[in-house]
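All chains are named by letter (A, B, ...) in the order of the sequence lines, taking the proteins before the strands, and each is independently numbered beginning at 1.
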Amino acid sequence: MTLYLINILLALAWTAVTGSFSLANIVLGFVLGAGAIYLIREQVGSLGYFARAFRLTGLAALFLYELVLSAWRVAVLVLKPDMNLKPGIFAYPLRADRDFEITLLANLITLTPGTLSVDVSEDRKYLYVHAIDCSDVEALKRDIAQGFERKILEAFR
Amino acid sequence: METALSATVGIFFAVAIYLMLSKHIIRILLGVAIFGNAVNLTIFTAGRVMREVPPIIPEALIAPDAATANPLPQALILTAIVISFSFFAFLLVLAFRAYQELGSDDTDTMRVAEPESEDLPPLGY
Amino acid sequence: MRTLIFRTIAPYLTSLMVLFSIFVLLRGHNEPGGGFIGGLIAASAFAIYGIACGVSPVRRALYFHPMAISGCGLLVSALSGLVSIFEEMPFLTGQWGVIEVLGVPVDISTVLFFDIGVYLVVVGSITSVALALEEREHA
Amino acid sequence: MAVDPGKTVDLAHAMVMKPVAAADWLVVAPVVIPLVFGAVILMLRHETRMHASIAIAALVATLAANIGLLARVIETGPLVMTMGRWLPPFGISFAADALGASLALVATLVALVCAIYSLSDIGSIGRRYGFYTFMLLMMAGVGGAFLTGDIFNLYVWFEVFLISSFGLLVLGSEHRQLDGATKYAILNLVATTLFLTATAFLYGIFGTLNMADIARKVDGLRDTAPLMTLGVMYLLAFGMKAAAFPVNFWLPASYHTPRIVTAALFGGILTKVGVYALLRTLVMLFPPELALLSGLIAWVAGLTMVIGIMGALAQTDLRRALGFVVISGVGVMMAGLALGTGEGLSGTIFYAFHSMIVMAALYLLAGVMNGVGGSYSIRTLSGLYGAHPMLAAFALLLMLAAAGLPPASGLWPKVMLVRASLDAGYPWLAFTILATGLLTTLALGRVFILTIWRPRAEERLAAAVSPRLGYTVLAALSLPIVIMGLYPDPVIRVAQIAAGNLLDAAPYIGTVYPGGGGQ
Amino acid sequence: MAADGHWLTFLVLMLPFAGAAVAPFLVRSFGHNAAWLLALIPAFMFYHFTGFLSSVANGETVAAGYSWIPSLGVDFSWYIDGLSLTFALLITGIGALIVLYSGGYLKGHPHLGRFFSFILMFMGAMQGLVLADGFLTLFVFWELTSITSFLLIGFDHVREASRRAALQALIVTGLGGLSLLAGLLLIWNMTGLGSMSALLEAEGALREAPLYLAALLLVLGGAFTKSAQFPFHFWLPNAMEAPTPVSAYLHSATMVKAGVYLVMRLNPVMGDTVAWETILPVFGGTTLIVGTLLAVRQTDLKLMLAYTTVSSLGLLIMLTGFGSEKAAEAAVLYLVAHSMFKGALFMVAGGIDHETGTRDITKLGGIGRAMPITFAAAVLAAISMGGLPPFFGFLAKEEIYAGLWQGSGWSGLITLVAIVGNALMFAVGFAVALKPFTGPKVETPKHAHEGPILLWLGPLVLGLGGLLTALASPLSHRFISNPMASAVVGEPVEISISVVPHVGLPLLLSVMTIALGITAYLALARGREIMAGTLRTIGWGPDLGFDQAIGGTVRISSTVTRVVQSGRLDYYMTATFIALALALFVPMILFGELPALPDFPSLRFYEWTVLAIAFIGLGAVLHARDRLTAIVSLGIQGFAVALLFMLLGAPDLSFTQFMVETLSVVILALVMTRLRLSPTDHRPTGEKAGDIAIAAVCGATLGLMLLRVTQIPFDDTLSAFFAENSRAIAHGRNIVNVIIVDFRGLDTLGEIAVVMIAGLAILALVRIRAGKPADARKGGG
Amino acid sequence: MIDLLQNLLVGALLIIGAAFTFIATVGILRLPDLYTRMHAASKAGTLGAGLLLVALAIFAEDHATVTRALAAVVFLMLTAPISAHLLAKAAYEAGYRLWDRSVHDDMAGTGKDKPSDS
Amino acid sequence: MTDGSTFRELAELIALAVLSGSFLLAVVRVVLGPSLPDRILGLDMLVSIAIGFIAVIGIRTGYTLYLDIAIALGLVGFLATVAFARFVLSRRYEEEFIAEDTRGIYGESEND
Ligand code: NA
Ligand code: NA
């Protein structure tokens, strides 16, 4: 978090020096600031900062990919003359246990293919997910566990 | 455009009034809401209509260089929308409380202020 | 409605919306927006907060009773119209001035305060309604 | 590109350059003072002890401003202030003429007296949930309605006092209140919405909202625009607000349900705002249309009077009877509108002053009677004379006032209206006015002999509420009633000036547009 | 108006009201003896008016006053001539005696002070009435007499009969008062003359006015009700519920004569027409006969006197309207005589009641020995009433017959009526004066003995007055009868009649009357039975009719109100929208305000879509099976309107509309949470058709009106101004917002006031619950 | 060249975005129960609107618009899943059953589907 | 030859047409229901479409100021859905209501 602040300060310094407060210039300042911090990564112990940044980026990329994919699948499904659906709700055992992680996971699941978070169990052990194709529950669970949940845990721990 | 809007306004008014002739407060309230929209469209149309050009002066100019939509009716409607929203909210809660206390939203049965069987006042002296 | 997911995300959403509402308020003079719309957005934010996390946190967050905020708004608007009496001008005549904040010139005007008053009235009243109804819900 | 236009633009093309003296603020003071103090009271929600004093102080200040305003208007003619310094018709003009200023004054007087009576009628819960805020904002709305010179702004002030009256009406949430408020709210909302619709059409026709501007443009549009339909719409919308037959239903359905001080405020003030708006629009803006509608309005007036007083005769509940008396008074005022002559209009205006005070006083009287007699029903209320002769005296005076008998104020406006009716060739209207007076005597005379004179069957109850405060406010209202009854000349003079301003709008227009041209 | 020198008269006019104000305090200090002090007020007034006697006798009149309501051209003015002066003297003179009598009669009454107040107020009103010159001065005092008489009749308000009588008198005389007002205003309108003196000067003006007959009927409406002419006579006997001083004063000597006064006053300007000379004698004669017949029926002393008063009033009206100079003179003489003898007899009746505890003539007898002075007063009065010499009543009676008999059939009929009426009055009068005092002693509730001086002074003075005025007839004619008769006739007249009987037709008729009267006196008991039987057969009378009228009015009112104010919101709404439909449709058709035929609109496809969405939303709201669907559908049309605003260049509107629609739906959802609603609402098909018709007409006409409006060339000065100055002066690029916060900031100030109040009102609604005095929760903070 | 690219990109995004939106609406019409319909709305719908906003961002010249367009996308992504979750949960707890040909329901019997509190 | 604006304008029209169609279809769902959550879903969909519509109109007219409306609509549309969900939840045990509400599609129509 501290490093994030430092990065912002660097960006501000950049804009002050260049005398332009335009958005592009701020972004440029931020990127340059990140580069500057990267240069001094070992002194300031910023390895985790970048690693997390990369993982977050990875999560975002995965999400976008999954979003497009899911939208596409839904499109195909909907446009098919014969919708051979096998929907259902399954309980997904959570590894994540922080509110924030659970929430993020649930939201990502909702936005991705064929799954939709309905609820979290009282004891926060299970996430109830509605799937549009529930013929193979275990495969679904596996996908989530190795997809989003892993990435989230990587990014935030 | 004005013709289409006039017709629209007429339909809005008709629907609103039909709903307001109901015995049930919730329906009357729906009528009130539509009534409000009808009036807003009336104000809008009465100020004459122009497509798409919002009455906002471009950054570079001191005054619009071309005709814009008439801003005054818009300002009037804003005031009217806000007011009718306030009234709608009040009426809604009033209806709700009336329902809670009187047990009905049928205006025929919630006649507490003017009860049905009122006897004559005393005729003596 | 106080599900874990909603409850976790609602405060962030609320602050985001309040921020956005102030943005809408301040730019209203030049772009679509203004006190009323800004106030509605902020009130929506508090309503979401209230639905997700309960009424008490919202009341604590606002500190003042929403209707007092509303009254304050009306007062601010009316008073901003009264400033012009000192300039021998009619009620609600806009007074414009520039003050320096840390060396940066900032335009201030009675018109802006008027709009802020509108904002406060709307935030206060609508929030009050929403909270009162929400509260009744759990009575 | 820093645009600093103030320096490059000649302000005189857009703004009033003449400095505005602080004394000119009298014209907005009746709105601003109650508005500001209403907000302050709301901010001090929990200091309920302070509410009444703040409200009374605010109303005293408003009353003072109103007195100053009326004095100035009588002395030097209409007073105008265009908000935001914009030239009329671009800014919203407040334009006080004798009509608006005098009605605002009387309304404030009534409100002040009601505020004093509320000390005994409104508890801390009522205060906490906004009684005084509602009341002050209602007065701001009423003042605004009387003083504004802009027709859309008139709509806004109508809504302000309407929503405030809703608040007052529901305060307490008793069953009857909720039912009454539902009818009141929905029907009144229909009325104001019609008003707004008519105003939309008006704007579409005239391209302006300033009443002086409309008045000077109207003759040029008479051949091309659907002004008759417009006039009828205003007649209907404001007739509803004024509770004229056949659109008077909301009033008897609701006025008897709230706290008595609220009923007094309503009974005194609200319908008169509707009458005022009728006068302002129909007489000042659409006189030829009014002339064509004269017969219709005369019928409305007559039926309103008769239906109203018949309703009063049929009631057991004192407050409900008074609601109908209010309606019958509206009919009397409509009569002057139908005649449209100077004498008729001044009769209407005088009657409005009279009716505001008398109806408020009658409701307060009912409140005091209930306080000492424990009921509003003329079936059970009785035996008040023995213990409370003062009450009997007030009751008698107010009965005479309402019936239009000397030595109270009601006589003179009726005389003026009867004379005007005979002059204008409406003898049956004169007859109806007089017959209504007789029926009012009957209705209230019955109330008097039953509640005041009739002895109580059981042992007399100790007064639940001390009538002292009630006597004070009744005395405060009786004083103008008697003065107007014995020496009506100043009031008639004001009413005549007001009527003159309506019939000849030239001074009004001239004040709003001092240059004669304007734009 | 000349004011100088007349201030004393003005003071005298106001004096009784001042006396009314202090009376309760005097009574508190002096008890019933305050009467002596208070009697000084009328005594002083009487004295003041005697000062006018000689000048008035010389044919002078005084018209004076102050400008009262210059803006209406109304003066507070008075007119003193023979007519008003005589009345004023009677009012103040008898008034002084009545005040004294009241002190005795109501001695010890807890509300004696109040009584004095009322009686003094009445005195002031009555005096003002007869002296008033300006029409409105007259009317104000006229109504004040009705009001004070209401208070006096209802003085004993614990009794229902009192209350009824008071209301009855108020309503009947109130009816007349309004009729009179209408008449006076009509006269004023027609002639431009607003005062009696002016009217008297322009003698012919009124008779020739176009609406003379209407004015006459209206004025007579006032006079007849006040003077208890048939069929309005019934209130007067009922008014005997009042304490006896009131009966003696108001209901014999003064107030009931107000109508006679009015007729006399107007005789010079309204008389001498066929209408006048028909209506007055017919009503007067009928009243005379009916009154006497009903008097015969009574056993109560006061009621007997009351009905003879009705007769006398009828006689006076008949005489005044007969049209001959002599008849008018007779009316004058009879009026003066009647005031004295009837006032005396009432006081005697009251004295008897006071001392014996009963007024029932059948339960009285032989108290003459116990109450000799009262007996004497009674006999004196009765002789005058019977028209026997040498009393003033005799002069009057002689003059009556001299005035009425003209040889024609009509005059014969009238004369016959007068004879019958006088004879019966003779009988009743002597019955009252003799029956209780003579014959064997009858046991009475209280043991009879002579009352205190306060009780017998009045009747005795009045009884003697009837004798003295007759004996000194030249004097009384010079100062009283002649000036008054001149005023009534309208030109100077000279009355010559004296107590010395002149042999002639009048004397013959008098003898006939007396003979008939004695017969009737002897057959009184039998006559009573016959009358009682007759009335039982008829079974209905105006008095009963009054109750039925009141009850009927209330019932009809109730029925009408029940229809008009049905208590059902849907009726109210239906009526309102029918009114709207008519208000729009009729002028549009009648005045040709329909729009020109428009072209078919050319819209872009997505604009059509938006409109279609709106209509689908509306349709769904209408068609919705349950209210929830309707609510959701409501969102659709609001949504469509917002889109429409966006497409039409109104971003602020669109923005606001979206927000507001959403919030409306949110609040609906929050509120509806707890509502358990029946899923459908029922509207019978017939009702549905009606509603559809109303809605369709309203919608169509509003749409047409809008179209019509948009076909007028538009004046966009305002918007051009806003566009030009929005940025240049008001520093804002968003013109709409600049309008809202600057150009039309006041609208917005009002608007936020509405928002604030709505919030507060909703809070009050939600928090305050009936029966639970507090807001339960502390959460409000 | 930049203009061409921009226009082509904007045009393509417009068509694709609109298409996804359309598909979503077809989905909510065709799919058999509430829960399956919500898939269409929360995915295709969100993506459609998002793409159209991105098209606007690309089309716009000034930074403020770009930022706001992207902010709008983020808001959309943030709120869409939550509203889907809330609606699904509410509907399930309110007793709206799954489609009768659903193959699996782990939530049945957790107490969410029947009265648990007073 | 061209800067591709013709294509863009065509795409705008296509998008508007498609979105118009979507509007109508979503409205159909709202109107048809059959259950309350279905209608809410339809409304939610309408909001999404409107956001897209605003974007397209913004491109077409060049007035990007409509964007703020889109943002606010996103936020407040969310509030509406939340409130409706809350409403649905609060009615959870009204068996009668639900039975009637769901009869159309989950019951008879599928089986019969
Ligand atoms: Na506004
Ligand atoms: Na009123």
By a 4.5 Å heavy-atom criterion (distance strictly below it), what part of F/Leu76 contacts chain G: side chain, backbone, both, or neither? side chain

Heavy-atom distance under 4.5 Å to chain G: side chain of F/Phe59, backbone, both or neither? side chain

Side chain / backbone / both / neither for G/Ile49 at chain F, heavy atoms under 4.5 Å: both

Could you look at F/Ala19 and say if it's the side chain, the backbone, both or neither that has a heavy atom under 4.5 Å from chain G? backbone

Could you tell me which residues satisfy side-chain hydrogen bond (donor to acceptor under 3.5 Å, both in side chains) with G/Thr81, sequence neighbours excluded, listed by chain and number? G/Asp44

Heavy-atom pair count under 4.5 Å with chain G, highest-scoring of F/Ala69, F/Ser42, F/Gly17, F/Ala88: F/Ala69

Drop me the distance from F/Leu51's CG to F/Thr21's OG1, to the nearest 0.5 angstrom. 8.0 Å

Taking side chain as everything from C-beta outward and backbone as N, CA, C, O, which of these in G/Leu75 sits under 4.5 Å from a heavy atom of chain F? Side chain, backbone, both or neither. side chain

Taking the six-membered ring for Trp and the full ring for Phe, Tyr or His, determine whether the centres of G/Phe78 and F/Phe75 are under 6.0 Å apart. no

Would F/Tyr96 and G/Asp38 count as having a side-chain donor-acceptor pair, cut-off 3.5 Å? no

For G/Arg8, which residues count as a side-chain hydrogen bond (donor to acceptor under 3.5 Å, both in side chains) partner, sequence neighbours excluded? F/Asn7, G/Glu12

To the nearest 0.5 Å, atom CD1 of F/Ile23 lies from atom CD1 of F/Ile28 at 13.5 Å

Determine the option with the most heavy-atom pairs under 4.5 angstrom with chain G, choosing from F/Ala49, F/Ser83, F/Ala72. F/Ser83

